[in-house]
Amino acid sequence: MILALQARLADALRAAARDAFGVDPGAVGFQYPPDPAMGDLASSAAMSLAKAQRRNPREIAAALAERMAKAPGVSRAEVAGAGFVNLFLDRGAALGTLAAGLRDPQPAAAVPGHAIVEHTSINPNKAAHVGHVRNAILGDTFVRILRARGHDVGVQNYIDDTGVQVADVVVGFLHLEKKALAEVAAIPGRFDYYCWDLYARVGDFYAAAPENKAKQAEVLHAIEAGSNDVAALAEHVAARIVACHLETMARLGIRYELLAHESDILRLHFWNRAFALLKDAGAIRLVTEGKQIGCWVLGMGKGDDAAAVDEDKILVRSNGTVTYTGKDIAYQLWKLGRLDRDFRYRLYREEPDGHKVWQTTSGDSDPGAPRFGHARDVYNVIDVGQSYPQRVVKAGVAALGFEREAAGTHHLAYEKVVLSQATAKALGYEVADEGGAVKVSGRKGLGVKADDLIDALERKALAEIEARDPERPAEQKQRTAREIAVGALRYFMLRYGRTRVLTFDLEEALAFTGETGPYVQNAIVRARNIFAKLEAEGHRVEALLERARGLDLGAMLDGDEGAEIWALALLMARSEEVAEAAVASEEPSLVARHAFAVAQAFHGYYQKPKYSLLRAESEDRRALRVLVVDAFVRQMTALAGLLGIPVPERM
RNA sequence: GCGCCCCUAGCUCAAUUGGAUAGAGCAACAGACUACGAAUCUGUAGGUUGGCGGUUCGAUUCCGUCGGGGCGCACCA
């Protein structure tokens with residue numbers, strides 16, 4: 001709604017500038033005045049024009065305002081401050097349009113090209129922890145926002161099934177537990193939790209004696225060679241852990257289209273192909289002297305944005321093996337459809353609603369598999385510590401001459417999750433009292449497991465429901481508790497900027513007051529309740545909505561209530577603009593905070609007894625309020641959907 | 001040493017990418033329920049935006065510099 005309106009007004013503004021000064025100001029944007037009484041939209045175009053025109057900005061603004069007052073959808077225009085042109089919209093018409101748009105939503109125009117978002121990508125050797133949860137929620141939310149804005153998106157989860165982390169757990173099974181595949185396969189219960197503890201013990205095992213550490217290399221080589229008992233054990237571990245991870249993420253409403261395996265990248269020789277491409281293009285060179293002698297390197301530091309890095313990045317070691325970053329370039333080229341080599345695919349599983357999860361394979365391909373890769377934009381959700389390697393990957397793509405593909409290579413970097421002091425203490429860390437947040441060492445087996453956290457949230461929510469409304473059926477209480485837990489966790493992980501270190505505090509995450517997911521959920525639940533109540537008292541909601549369509553909304557929006565309704569409506573109308581900004585800036589927190597702002601505006605309005613729907617002073621008033629509440633429920637539900645926050649029937 | 005991120009209210013974070021009087025939540029204090037569900041709302045208090053310079057109509061935002069914190073800069077994955 002607001003975007004289309006803004007586009008029209010921007011055209012009108014440019015036309016006004018041409019008419020008055022014979023100059024086209026180019027792209028013009030709109031801001032929002034600090035106080036709604038000052039106007040609904042503001043433009044600072046006059047201030048920009050002032051410089052070129054060598055005239056008083058307020059004079060220019062006056063000329064623009066005079067013309068803008070006649071633009072369609074505008075009721076009046078004023079000059080304010082240093083030279084802002086403030087526009088007052090035709091509120092009745094705008095509210096009607098907003099309500100109609102929410103009632104009959106038009107999908108966003110399809111954006112050409114395919115996008116891949118890769119997220120989660122947890123080493124398949126132990127249970128997921130809070131840091132992984134941040135990754136997955138960030139990625140999943142970004143996917144939801146992209147799709148809402150008309151992007152065609154595929155979600156990939158990268159499985160590093162041949163790395164040292166898996167090897168470490170295999171070392172644990174072989175040398176600490178003396179278990180072979182059959183015995184490992186017989187381990188009952190939570191396998192990811194079992195490996196979590198085992199992995200910590202392997203750390204101690206390595207530290208105890210240097211020869212122990214040598215086992216790691218042995219196992220790693222066996223896994224890479226394949227076709228042996230050790231490799232079979234590694235495969236079992238990885239597959240079972242992946243299943244655990246998917247289950248954990250499913251609790252949060254997160255799922256994937258493709259599980260891409262590192263082992264298949266190796267077996268299908270993606271790197272060989274990429275190596276040939278890089279050599280042919282002259283993108284990499286063989287070092288013939290100095291300390292990198294014998295290595296193939298990618299030149300870094302001469303690109304315009306590549307901030308000075310002294311040394312070139314080694315992709316192939318002097319012994320001829322490829323580095324991790326080299327493989328990553330090959331994989332990225334595949335994602336972009338620029339590696340003329342493909343995975344093979346088979347179905348991993350089909351979910352009850354028909355959603356299909358595929359996985360890569362180096363065996364036979366299922367002819368029914370959809371096309372993967374070939375993306376125009378690739379968003380890799382990886383922690384900020386990987387910024388340098390990610391820049392190398394991008395540079396590698398660019399060095400092949402793939403300018404557009406390099407531009408489509410995005411790193412959705414996010415900072416790590418640390419523990420607050422109180423939470424660290426609660427988990428058994430030794431904490432120095434004066435310090436701030438506490439880093440979690442993955443090796444030590446401490447830290448917060450994702451499932452433990454979700455469990456704790458569910459217990460807390462359930463206790464809260466019991467306290468408020470013990471009469472409800474147990475099953476319903478359980479379901480609501482789950483929904484509230486997910487809403488609380490997702491919102492908590494989304495409310496901060498990506499590049500903020502997130503200090504995790506159990507108490508805070510478990511709190512249901514303030515800027516939280518449950519607050520947002522509760523707003524919708526509250527609003528929906530009134531419709532049932534209206535019906536129960538003999539009113540007909542549909543009829544009231546119909547009546548609202550015939551009202552003179554402009555006249556009814558005068559007065560205090562009108563001002564509140566208008567502020568709420570304008571805020572809701574900005575939702576698509578906010579989602580678009582979230583895509584452009586790759587920052588989902590914008591949507592989260594906007595959702596909270598809308599919920600807050602609604603609570604503030606709805607709370608007031610004088611705006612009662614049940615005891616409305618006239619049928620017209622009642623109809624107006626029904627219209628507002630209906631619009632809110634629809635908009636807020638859509639926003640919750642973007643954030644992956646479930647909407648409970650009751651709180 | 002080089003590069004990146006961060007420093008805003010007691011705490012955790014915002015600030016429409018250079019705009020108007022720097023805003024929210026938590027914590028504190030004072031209030032509002034025989035209820036359109038109080039997981040809510042209203043109000044009070046809380047600021048030299050780390051320091052100092054600069055750029056301009058305008059700087060939390062851009063530049064320089066100093067200070068403090070975090071992370072990268074592997075022939076590890």
Side-chain angles (χ1 to χ4, degrees), chain A residues 29-35 38 42 44 47 50-51 56-57 80-84 86 123 160 162-167 220 262 291-295 297 300-301 306-311 313-321 323-325 327 383-389 391 413 415-416 418 420 436-437 439 461 464-465 468-469 484 495-497 499-503 505 508 511-516 518-519 521-523 525-527 529-534 537 574 577-578 581 584-585 589-590 593 596-597 600 603-609 611-616 625 629 650-651:
Chain A
F30 289 94
Q31 292 104 45
Y32 296 86
D35 179 352
M38 297 166 75
S44 56
M47 274 113 96
K51 209 171 288 179
N56 184 337
F84 289 98
N86 287 354
N123 276 306
D160 185 2
T162 56
V164 284
Q165 301 237 25
V166 173
L220 204 50
E262 161 99 355
K291 61 180 178 182
Q292 294 183 337
I293 189 165
C295 298
V297 300
M300 294 293 292
V309 177
D310 295 338
E311 299 205 343
K313 179 66 191 173
I314 293 170
L315 299 187
V316 179
R317 304 181 187 105
S318 54
N319 67 4
T321 57
T323 61
Y324 187 84
T325 310
K327 276 183 286 193
D383 75 276
V384 72
Q386 299 294 314
S387 294
Y388 177 65
R391 215 166 64 215
E415 264 290 3
K416 59 183 161 307
V418 300
S420 72
K439 276 197 286 179
E464 197 76 23
I465 295 164
R468 286 162 201 275
D469 188 7
I484 291 173
R495 56 186 280 205
Y496 306 101
T499 57
R500 278 281 175 182
V501 175
L502 194 150
T503 302
D505 182 85
E508 209 181 323
F512 293 148
T513 57
E515 189 190 338
T516 66
Y519 179 93
Q521 293 172 314
N522 184 234
V525 171
R526 264 184 109 179
N529 284 346
I530 187 59
F531 289 136
K533 202 104 177 189
L534 279 170
E537 299 210 356
R574 293 179 57 182
E577 177 189 0
V578 170
S585 59
S589 66
L590 293 181
R593 289 199 306 268
F596 174 73
Q600 195 178 36
H603 272 310
Y605 166 73
Y606 189 75
Q607 180 80 7
K608 295 188 176 67
Y611 302 147
S612 169
L613 279 78
L614 283 176
R615 292 183 295 277
R625 289 170 192 166
V629 173
R650 306 172 61 185
M651 288 296 280

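Not measured: the values here are computed from a predicted model. Excluded from the calculations below are hydrogen atoms, water molecules and symmetry mates; all remaining heavy atoms, backbone and side chain alike, are included. All chains are named by letter (A, B, ...) in the order of the sequence lines, taking the proteins before the strands, and each is independently numbered beginning at 1.
Residue A:Thr499 has its side chain nearest to B:rC5 when only B:rC76, B:rA20, B:rC5 are considered. Taking every side-chain heavy atom of A:Lys416 into account, B:rC71 is the closest of B:rU12, B:rG37, B:rC71. Each of B:rG19, B:rC41, B:rC36 was ranked by its minimum atom distance to the side chain of A:Gln600; first place goes to B:rC41. The side chain of A:Gln607 sits closest to B:rC41 out of B:rG72, B:rC75, B:rC41. The side chain of A:Arg391 sits closest to B:rG3 out of B:rG37, B:rA77, B:rG3.
To the nearest 0.5 Å, the span separating CG on A:Asp505 from CG on A:Leu502 amounts to 10.5 Å. If you take CD on A:Glu415 and OH on A:Tyr496, they are separated by 14.5 Å, rounding to the nearest 0.5 Å. Expressed to the nearest 0.5 Å, how far CG of A:Asp469 lies from CZ of A:Arg650 amounts to 5.0 Å. Between the CG atom of A:Asn529 and the CG atom of A:Leu534 there is a distance of 11.0 Å, given to the nearest 0.5 Å.
Under 3.5 Å, the side chain of A:Thr323 and the base of B:rC75 form no donor-acceptor pair of N or O atoms. With hydrogens and angles ignored, no donor-acceptor pair under 3.5 angstrom links the side chain of A:Gln31 to the base of B:rU16. In terms of polar N and O atoms assigned as donor or acceptor, the side chain of A:Asn86 comes within less than 3.5 Å of the base of B:rA20 in a complementary pairing.
When each of A:Asn319 and A:Met38 is assigned the nucleotide of RNA chain B with its nearest heavy atom, A:Met38 is the one assigned upstream, toward the 5' end. Along RNA chain B, the nucleotide nearest to A:Leu590 and the one nearest to A:Leu613 differ in position, and the one closer to the 5' end is contacted by A:Leu590.
Using a 4.0 Å heavy-atom cutoff across all strands shown, A:Ala42 reaches at least one base atom of the nucleic acid. Counting non-hydrogen atoms under 4.0 angstrom, A:Leu502 reaches nothing in the nucleic acid.
Between the side-chain ring of A:Phe84 and the base of B:rA20, a stacking contact exists by the 5.5 Å and 30° definition. In this structure, A:Tyr606 counts as stacked on the base of B:rC36 under the 5.5 Å centre distance and 30° plane angle limits.
Rounded to a whole Å, the OH atom of A:Tyr324 is 10 Å from the P atom of B:rA77. Atom P of nucleotide B:rA77 and atom CG of A:Asp160 are separated by 10 Å, given to the nearest angstrom.
A donor-acceptor contact shorter than 3.5 Å links the side chain of A:Thr323 to the backbone of A:Ile314. Judged by distance alone, the side chain of A:Thr321 and the main-chain N or O of A:Arg317 form no donor-acceptor pair under 3.5 Å.
Remark: A:Lys327 engages A:Glu262 in a salt bridge (charged side-chain N to carboxylate O under 4.0 Å, His left out) (not counting sequence neighbours).
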Inset, instruction - Determine which bases of RNA chain B form Watson-Crick or G-U wobble pairs with both distances under 3.5 Å, and write the result as a 5' to 3' dot-bracket string with | for other-strand partners. - result: (((((((..((((.....[...)))).(((((.......))))).....(((((..]....))))))))))))....
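Taking only side-chain nitrogens and oxygens, A:Lys533 comes nearer than 4.0 Å to OP1 or OP2 of B:rG37.
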